[in-house]
Amino acid sequence: MDKPLTECALKLLDEEYTLDDYKGLVPRWCTGCGDNAILAAVQRLCRDEQLPPEKTVFVSGIGCSSRFPHYMHTYGFHGLHGRAMPVAEGIKMRRPDLNVFVITGDGDCCSIGTAHWIHAIRYNMNITVLMHDNGIYGLTKNQASPTSPLGITSRTTPGGTYLEPINPVSVSLGIRNVSFVAQAVDWIPEMLHDIIAEAFHHKGFSFVRILQRCPEFLDHRFDDWVQEPDWMLLLHHENGVRISPDLAKIYRNQEQHDPSDRNRAREIASTNHPMPVGVLYRDPGMPCYEDLRKPDRLYTPDIVKAAIEEEFDKFTIHPTGHPTG
Amino acid sequence: MDKPLTECALKLLDEEYTLDDYKGLVPRWCTGCGDNAILAAVQRLCRDEQLPPEKTVFVSGIGCSSRFPHYMHTYGFHGLHGRAMPVAEGIKMRRPDLNVFVITGDGDCCSIGTAHWIHAIRYNMNITVLMHDNGIYGLTKNQASPTSPLGITSRTTPGGTYLEPINPVSVSLGIRNVSFVAQAVDWIPEMLHDIIAEAFHHKGFSFVRILQRCPEFLDHRFDDWVQEPDWMLLLHHENGVRISPDLAKIYRNQEQHDPSDRNRAREIASTNHPMPVGVLYRDPGMPCYEDLRKPDRLYTPDIVKAAIEEEFDKFTIHPTGHPTG
Amino acid sequence: MSTQALKKEHAKKQARRPAAKKAKGPSRPDKSRRGQSGPEDTPVVTMKEHIIEIVSDSGEGAQRCGQAFGAIAARMGNGVWTAEIIPAEIQPPARSAAGASGNRIRVASHRVTNWGDEDDLIVAFNEQVLLSRLEEGELRPGCIVLLEDKWRTDNDPEIVAAFTETVERLLVDDCRVYEIPMETECLKYVPDPRRGKNMFVLGLLCGIYSLDLDIAREQIAFAFAKKDQAIIDNNILLLEAGHDWAETNLDIKFRIPPSDVSKPQIVVNGNIALGLGVMASGMEVCAMYPITPATSASHYLSEVFQNVGGVVHQAEDEIAACAFAIGSSYAGKCAVTITSGPGFALKQETIGLAVMTEIPLVVVNVQRGGPSTGLPTKVEQGDLLFACFGGHGDNPKVVMAPSDIEDCFYSMITARKIAEAFNMVVVVLSDASLASSQQPFPRPNVSEDWLAPPVDQSAVPEGAMPYDWDSRTGLARRFIPGQPNGMHCLTGLAHDRRSRVAYDPDINQEGILHRSRKLAAFQKTLKAPDVFGGDEGDLLIVGWGGTRGAIEEAIERLRADGHKVSSLHLTFLQPMPPGIKEVLERFDRVMTVESNWSDAADDDIIDEDNRRYSELAWLLRARYLVDIDCWSEVRGQPIKPGAIVRAIRERLQRKGS
Amino acid sequence: MSTQALKKEHAKKQARRPAAKKAKGPSRPDKSRRGQSGPEDTPVVTMKEHIIEIVSDSGEGAQRCGQAFGAIAARMGNGVWTAEIIPAEIQPPARSAAGASGNRIRVASHRVTNWGDEDDLIVAFNEQVLLSRLEEGELRPGCIVLLEDKWRTDNDPEIVAAFTETVERLLVDDCRVYEIPMETECLKYVPDPRRGKNMFVLGLLCGIYSLDLDIAREQIAFAFAKKDQAIIDNNILLLEAGHDWAETNLDIKFRIPPSDVSKPQIVVNGNIALGLGVMASGMEVCAMYPITPATSASHYLSEVFQNVGGVVHQAEDEIAACAFAIGSSYAGKCAVTITSGPGFALKQETIGLAVMTEIPLVVVNVQRGGPSTGLPTKVEQGDLLFACFGGHGDNPKVVMAPSDIEDCFYSMITARKIAEAFNMVVVVLSDASLASSQQPFPRPNVSEDWLAPPVDQSAVPEGAMPYDWDSRTGLARRFIPGQPNGMHCLTGLAHDRRSRVAYDPDINQEGILHRSRKLAAFQKTLKAPDVFGGDEGDLLIVGWGGTRGAIEEAIERLRADGHKVSSLHLTFLQPMPPGIKEVLERFDRVMTVESNWSDAADDDIIDEDNRRYSELAWLLRARYLVDIDCWSEVRGQPIKPGAIVRAIRERLQRKGS
Ligand SMILES: Cc1ncc(C[n+]2csc(CCOP(=O)(O)OP(=O)(O)O)c2C)c(N)n1
Ligand SMILES: Cc1ncc(C[n+]2csc(CCOP(=O)(O)OP(=O)(O)O)c2C)c(N)n1
Ligand code: SF4
Ligand code: SF4
Ligand SMILES: [Mg+2]
Ligand SMILES: [Mg+2]
């Protein structure tokens, strides 16, 4: 827990981080892939917030979207399919000084990772989660995901999917300890950035579902919404995001939604026609697990040694010794 | 898929199953354990419905509650911690002729089994799930579960649990394809039986959360509700359960709740003071996965062979043969 | 435009085409290779075999072209092996090494059992994908290179420079380079040459290898059967164009005489063969979660399984998939779950449940490069010991490995039968190479015996017990829900013959004994495997799984050189068939060849106390106490016969000195 | 009532107590055993050791009594080993075999290393729990039985019959039975004898074994330190009552002289020792999911870990627990995850990630009976090969096993150090027996060296790479978030030295090479283990883990009989230390003794081609090519030294003939 604070401070005084400071490898997503827009929004956020790259960690699972950390010039942890959240929790638990982001996909989060997702919401650690929801398995080349629209064909559902998709926002809102839920779309970059910024600023587990286009395997899924601004519903509030005049001109469907209203949030979330975009729910008062469990002081070797001796005392006997007979 | 229908019919004509026909080994739960009441209610249901024991399967995970199948004289599958649901799905998929029940605990279902639980709701197979929610890990002797009330002490939380519990009913209601959710308590056996009966009659995935007392490790958890009938809220409806006049006298807190009203269901579910008991939600129209995926006909060996030959045809080449040079 | 009309158009355009190019390359005395004669009178060189590769950016169709080329050769009666070259990314940038996508086709006058050594001829759509192959050492010296020429005149000077540089380098590396105006030629027939260039190339290759154009046309019609006739016509036109262009402009022409195969053959890759095998085995449920390189088997099954009444269930994760398969097996017929390494790891606990409760189950693990996420699309045989010793406590199960495409098919039928006969888990270890390679095999005669019998719903005799283990074999009748009198509670806890939870020491010992005994009983049904080569000699190579073809080819080559080497290939790895010890003892030395890790014996820090052996070597050493050496690679590719030959020669020398 | 007042009351009541009972049993010449002398003048028989058991229904406190008895003996300087007798159910019905709950305490004049053979004396609160022990063969012939007598006069005639029958049977089985009015006596002091009988029994035992009452009082005060003084007083009163009753009424009295141990000792079971070890190792995160028999280690840590700044995280499942530990390790100090078989199976994929990314991690597997849910509370060593070969692809990791309680403590310190020095996964295999057995060990001198250094946040030198493997050892500096210039993306995919995803054959080979090499480098730091017994001879027994004490005791007994047998016990199973081959070769024959499955060599269906060996035997055979036999049990209990003696005698005869 040793923070070389001096160093950060020096850095801040010396120079400013530019967008380039956050750029890692050249992204290898398909042309037109919505992941590119999300990366751009996040890099902008990092720059705006001047996050020290060495103090920032992007944790991901496996999937197209989960390649994200390679494209950032921060610390990155590209782990296992479905397991990004518990890894991120482990990091945050002992290193609250780090900015921890999770990048996950709809399969990664809502299929194999379901249990971790639900419980991550419950732990409510101060982590920002971006769930790239393209409604398909991209990396493994076109299988249905739990958010795939009913009836779409994929390699495992050549006759069309059988089930209605789950709605990750509604599911999140069903967890008692939920503290921040938002929805964004890759094709309104300004809102995307602002929503991610809100999520980042929220202290607690912030879950952002980002509808993301996958031209490779599920082209046209969002065409209606992309082409028809009136199919969108922009949420705004002083405790949420604001809508710029330019955007307001295009997207005339708007609602002033107070993110503390969970029931209304549930109703809004329950439809995608219109598709809500904005902060649906926020409860700044929900305690964070890492705070509830943080060491109450700095444990120096001497304190530790003393505590161990104390434990030994509990279990120590002093045999009377030598044979008497 | 071969159903010896004649045999069942004969059995039905010949004799009636009695309660004893459903009794397996002598239960080994602690005195006062709520599991006993659930077992009694289920055995009564089986007798009332005259379920052929050989056509009935109880699938469970691991936990005190998951010992249940041993105490039934039906087929039982006492499997792995957290994995009862996918096992039950596999059974039901090819054997819709079987009555399939799942017995699970709050740890089994809401902790290690979370992903399977959420997705089982989504698949909506015709399975009846009884989730014994004692808010604690019984079998492993007293660790907190995701439904443990905030602050209770356990062997892993000697200073009290850190987090608000999740509410399994609310979580279930957040899944788009949910088709039946109810809540029951072990200490009102009549309602318990009626609710389980409703769940059994519902075609689809019926999830019943049963608040179950564990005197061994979480004594007094439900004392307030057990001792104070006014802390309970009994839900009734012609499409739900009815309340007998005797019960009505004790439990005066009642609400006529239409189980098709999901929003109201969510509101009711969101509190345990008063504690709702009854059918919260039911959608009889939700299609079942096993129906969506069932074979469209009986596949005789001849049909199968023909289909395989057809596949071979697709990939067969007829080499021109012998060397020409 | 009708095909006829198109053809005329084509003929007209032919007149205008540029002069034929000759190969640039080192000049050689051999006439055909120097290409000094005019194209029209190019003599046909007869070859026993050739290795041909086609690479392009991903999405340009090299894969399809290669597969068609292989199929045409197979239709003509040639021995064929096709292997995929899979790009590392989904949509890698154009003209990048990571994007090389395509096919290697080995065509021969005899049966081909592996992808061979290096390329004799390679077609590349740009110089970057070619470079990646060159750098990986896949071009043999003297390799013929057919390269799209449009980059030489690109607007981007960097591209031009890269192209020129590459051509120079190829020449230095002793290649014979032909620059081909693929795009220019295609543009004569189609507006978008990216969609069609591959058929032009197919035509080129048909010309170069003297393949029958009628058969080629048939193959195109077959491959595009689901598409519009117009597309088929267009493709045939391009095929013909390519063919004619080669005839007119190239000074190379080969003929690889067909073998005498004349029976109908199935041409599929190993994963499709697995899928076909699942259908033919009578299994009716395949529960899976997508994972490369296993998923394509499920893709295929998803399309056709319902035609035999089957269902593919894509579960929420691998654990659920395995549990679903177990539930389904328990309630009726044996089910299968298909996965690869990471999923196989996740299934360990669930597999153990099937072992303990004696529920038949087939688990297919299409191995990929590990550990962890590793090399998802690449070849490795790294899961053998994990398959044998996976699971906590005693987990006896059968482990088998198909060694070629045909085996992939039959392994499913065998596995299902063993699983149901012994109420056991059967793990089938395929790999990424088998998964995506094609090799024709004789069309099987479908037999009703392959299919699982209908679900037994007859009454259980009064008093019978669900684990009434036969004391000799460990076998017991399985009680299936629906069977009257069979009611009992199955459990993963230690249990007695009535399936009641029991913590009694004797009962625990008894259960483990009988589950173990089934493996011994099954082992008694196995036959000793045949030795390839001579019955005794200086060195025996032992292998398993997809390396068979390469190993046996290496043995053949070495024996042709007079070496006393032979090989033994194991299908059953657990239990092992009888008779192996006797074979091992007839050879002076024994060495395994495997695609997994082994420490090199001559490494500084390595000695007999810490050397980590290859997996099969380890198994054989433990069982037979024979000092078995190993040679292995983890290069993410199928092992080449030439590499094995070199390794063996080196060992023969080292120890022989 | 004050203690003094209580004491007086007690003294009064003594006057009224019934006449002393004498043992019923076969009459023997030995005076003390026939109990012919009056109680008051019972001579003290001096013994080298005794095995004492106390069993009751679950909840009656036999466990507490047994532990206290062990602790008092230990305080007096005796060698002690206590083992738990755990009921199969949580709240089993009263008076049932499945409910037998209690403790075995082996007390000796020398150091005790295992639970021994059969009981010399057993105290039972009812005849049913006693029966279960009798039936499991735990009473040696001539065993002294102290049995609650109240059942003889129960209102339920069935109970009376059962009781009488049992006593008959015990007599037939050659036991010496004393019926003790436990409840009657206790009722004199307390209203509810179910809460207190155990302290009365403790007093009885103190009397019988001539233990110092002052020390006993101290122990009670210590054990109930968290309770009211009134409870302590009450318990002491009962203790004294039991003591006096024994003195007055029993014709048996033993003395087991203490050893010369006089240094302070720690008395804990293996799981508490693990917990203490975790604290002392400097690890700060323990992520777990409850599972028997591992959980009690986490219970202990949950109580005290915060005193060293640590945290126990109960995750939603084992996969999450392992991933959490990995995340925590990655971001700072090495973390630990504790589980048992089923959880260990679930963690395989996650463990593989740590191996691939070279994140230090300690994984504790407190083994239990398998496979599947198996025998959750029972003893087995069935996960060795799984630990060594678990995970798909190449998964080099360290596997070690503590062999006694003290080892459980130090293993955590060692494991953490290895994990961080080599950036490796260290699997520590404990077992259900170690987990719940107590054996005093010298109080360690806490050392600052044990603790992990603070998280290094110094800047990474410009140009350094996150996998800059040293070519000899495979080691590389670990880059920890927060370190300036260290930014990189860790990945479970194959990667190069910069941690960039790479599918290149050479890079893959290079990565696997260096991960494997770390194991070899670590192996070079190990020392050859010592042989117990003689340096050469007829037979060498090899063992690992919790069986050490029993094996060495068996060896001692056999050597005392003149047999040339020795033993070798391994702490490191992967890699194995140098020098083992040399040891093996010095013995005519070698055999492992293990608590896991092996097919019996003389079984009809078993032959050298299909025999399944015990796990360590398999490892040794593969590495050293020595024909190593094995003898094993899967009885869910610690192996007894006597069973090992019998097995060895039998082998010596069989082969020696
Ligand atoms: C344990 C495991 N199972 C399966 C896979 C294969 N796999 C990799 S990514 C992926 C799903 C990708 O879909 P999604 O999470 O939606 O991400 P996207 O590619 O669409 O961004 C799967 C199934 C794996 N790597 N590991
Ligand atoms: C994979 C695995 N992890 C952990 C366990 C240990 N375990 C058995 S039951 C149980 C929890 C029991 O709690 P719950 O599901 O609430 O059932 P209850 O006993 O309260 O009825 C646990 C953690 C196990 N058997 N398998
Ligand atoms: S496959 Fe889809 S999600 Fe993946 S990179 Fe391409 S467009 Fe994006
Ligand atoms: S521990 Fe609790 S849940 Fe388990 S049987 Fe006892 S009372 Fe019931
Ligand atoms: Mg996706
Ligand atoms: Mg519970």
Side-chain angles (χ1 to χ4, degrees), chain A residues 1-4 7 24-25 53-55 57-59 62 69-70 72-80 83 85-95 97-98 115-116 118-119 293 295-299 301 303-305 307-312 315-325, chain D residues 46 71 74-77 109 255 257-262 264-268 276 279-280 284-285 287 304 306-309 311 313 315-317 319-320 323-328 330-332 349-350 353 440 443 446 448 451 454-455 457 481-484 486-492 500-501:
Chain A
M1 236 94 334
D2 321 59
K3 310 180 203 170
E7 234 174 290
L25 299 179
E54 72 272 18
K55 288 286 196 180
V57 188
F58 283 82
V59 183
I62 300 288
H70 290 279
M72 296 293 301
H73 188 57
T74 60
Y75 278 88
F77 191 115
H78 178 211
L80 294 178
R83 320 298 173 191
M85 300 208 199
V87 168
E89 292 156 13
I91 296 171
K92 190 73 187 176
M93 182 62 113
R94 299 303 285 185
R95 297 294 304 273
D97 59 313
L98 301 175
H116 311 310
I118 303 290
H119 287 273
R293 311 235 38 206
D296 51 358
R297 53 181 297 176
L298 188 71
Y299 283 84
I303 300 180
V304 170
K305 275 170 66 184
I308 297 167
E309 295 286 6
E310 201 174 302
E311 285 312 303
F312 283 164
F315 303 111
T316 297
I317 58 165
H318 299 272
T320 42
H322 53 90
T324 44
Chain D
T46 298
R75 279 169 190 268
M76 291 194 64
S109 291
R255 211 179 74 79
S259 70
D260 55 2
V261 174
S262 62
Q265 305 280 310
I266 301 277
V267 184
V268 291
L276 286 169
M279 292 175 82
E284 289 174 349
V285 166
V304 299
Q306 67 272 19
N307 301 338
V308 292
V311 63
H313 171 61
E316 58 272 25
D317 62 20
I319 299 175
F324 190 102
I326 288 175
S328 177
Y330 159 75
E349 192 205 12
T350 338
L353 174 68
R443 177 170 171 147
V446 182
E448 202 162 312
L451 305 178
V455 179
Q457 294 282 275
Q483 292 181 343
M487 286 85 75
H488 70 287
C489 184
L490 190 122
T491 178
R500 294 186 179 171
V501 176

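Throughout, protein chains are lettered first and strands after them, A, B, ... in sequence-line order, and every chain is numbered starting at 1.
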- Item | Top of A:Glu310, A:Met85, A:His116, A:Lys92 for chain D proximity - count of heavy-atom pairs under 4.5 angstrom |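 Top option by heavy-atom pairs under 4.5 Å: A:His116.
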- Item | Pairs of heavy atoms under 4.5 Å with chain A: top-ranked of D:Ala325, D:Gly332, D:Gly492, D:Ala320 |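 Option with the greatest count: D:Ala320.
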- chain A: which of D:Val501, D:Leu353, D:Thr46, D:Ile326 shares the most heavy-atom pairs with it under 4.5 Å?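 Option with the greatest count: D:Leu353.
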- Could you walk me through whether A:Val304 and D:Leu451 pass side-chain contact (heavy atoms from CB on, under 4.5 Å), step by step? CA-CA 9 Å; A:Val304 170; D:Leu451 305 178; 3.8 Å; yes
Would you say that [X] contacts [Y] through its side chain, given a criterion of any heavy-atom pair below 4.5 Å between the two side chains?
X        : Y        : answer
A:Lys305 : D:Glu448 : yes
A:Glu54  : D:Pro481 : no
D:Tyr330 : A:Val87  : no
A:Pro69  : D:Cys489 : yes
D:Val308 : A:Glu311 : no
A:Arg83  : D:Ile319 : yes

Could you tell me which portion of [X] (side chain, backbone, both or neither) has an atom closer than 4.5 angstrom to a non-hydrogen atom of chain A?
X        : value
D:Val267 : both
D:Ala280 : both
D:Ile266 : both
D:Ala74  : both
D:Glu316 : both
D:Thr350 : both

- Message: Quick check on A:Tyr299 against chain D: is it the side chain, the backbone, both or neither that has a heavy atom closer than 4.5 Å?
- Response: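 Contact with chain D is through the side chain of A:Tyr299 alone.
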Reported [atom1]-to-[atom2] distance for the pair [X] and [Y], which is rounded to 0.5 angstrom:
X        : Y        : atom1 : atom2 : result
D:Gln265 : A:His318 : CD    : NE2   : 10.0 Å
D:Glu349 : A:Leu80  : CD    : CG    : 4.5 Å
D:His488 : A:Thr74  : NE2   : OG1   : 10.5 Å

- Query: Which atoms form the tightest heavy-atom contact between A:Lys55 and D:Gly482, and what is the distance?
  - Reply: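 What the structure gives for the nearest pair is CD-CA, 4.4 Å.
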- Nearest heavy-atom neighbours spanning A:His78 and D:Thr491: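 So the two residues come closest at ND1-OG1, 3.0 Å.
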- Query: Can you check side-chain contact (heavy atoms from CB on, under 4.5 Å) on A:Arg94 and D:Val285, steps first, answer last?
  - Reply: CA-CA 8 Å; A:Arg94 299 303 285 185; D:Val285 166; 3.4 Å; yes
- Message: If the condition is side-chain contact (heavy atoms from CB on, under 4.5 Å), which residues does A:Glu309 pass it with, not counting sequence neighbours?
- Response: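 In terms of side-chain contact (heavy atoms from CB on, under 4.5 Å), with neighbours along the sequence ignored, A:Glu309 is linked to A:Phe312, D:Arg443, D:Val446.
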- Query: D:Arg500: what forms a side-chain contact (heavy atoms from CB on, under 4.5 Å) with it, not counting sequence neighbours?
  - Reply: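 So D:Arg500 forms a side-chain contact (heavy atoms from CB on, under 4.5 Å) with A:Leu25, D:Asp496, D:Arg498.
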- Item | Check: A:Tyr75 side chain, D:Gln483 main-chain N or O, donor-acceptor pair, under 3.5 Å |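 Looks like yes, one N/O pair under 3.5 Å.
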- Query: Under the 3.5 angstrom rule, does the side chain of A:Arg95 hit a backbone N or O of D:Ala331 as a donor-acceptor pair?
  - Reply: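 Looks like yes, one N/O pair under 3.5 Å.
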- Task: I would like to know whether D:Met487 and A:Met72 meet side-chain contact (heavy atoms from CB on, under 4.5 Å); could you show each step before the answer?
- Result: CA-CA 9 Å; D:Met487 286 85 75; A:Met72 296 293 301; over 6 Å; no
- Task: Would you please test D:Ser328 and A:Met93 for side-chain contact (heavy atoms from CB on, under 4.5 Å) and show each step?
- Result: CA-CA 7 Å; D:Ser328 177; A:Met93 182 62 113; 5.8 Å; no
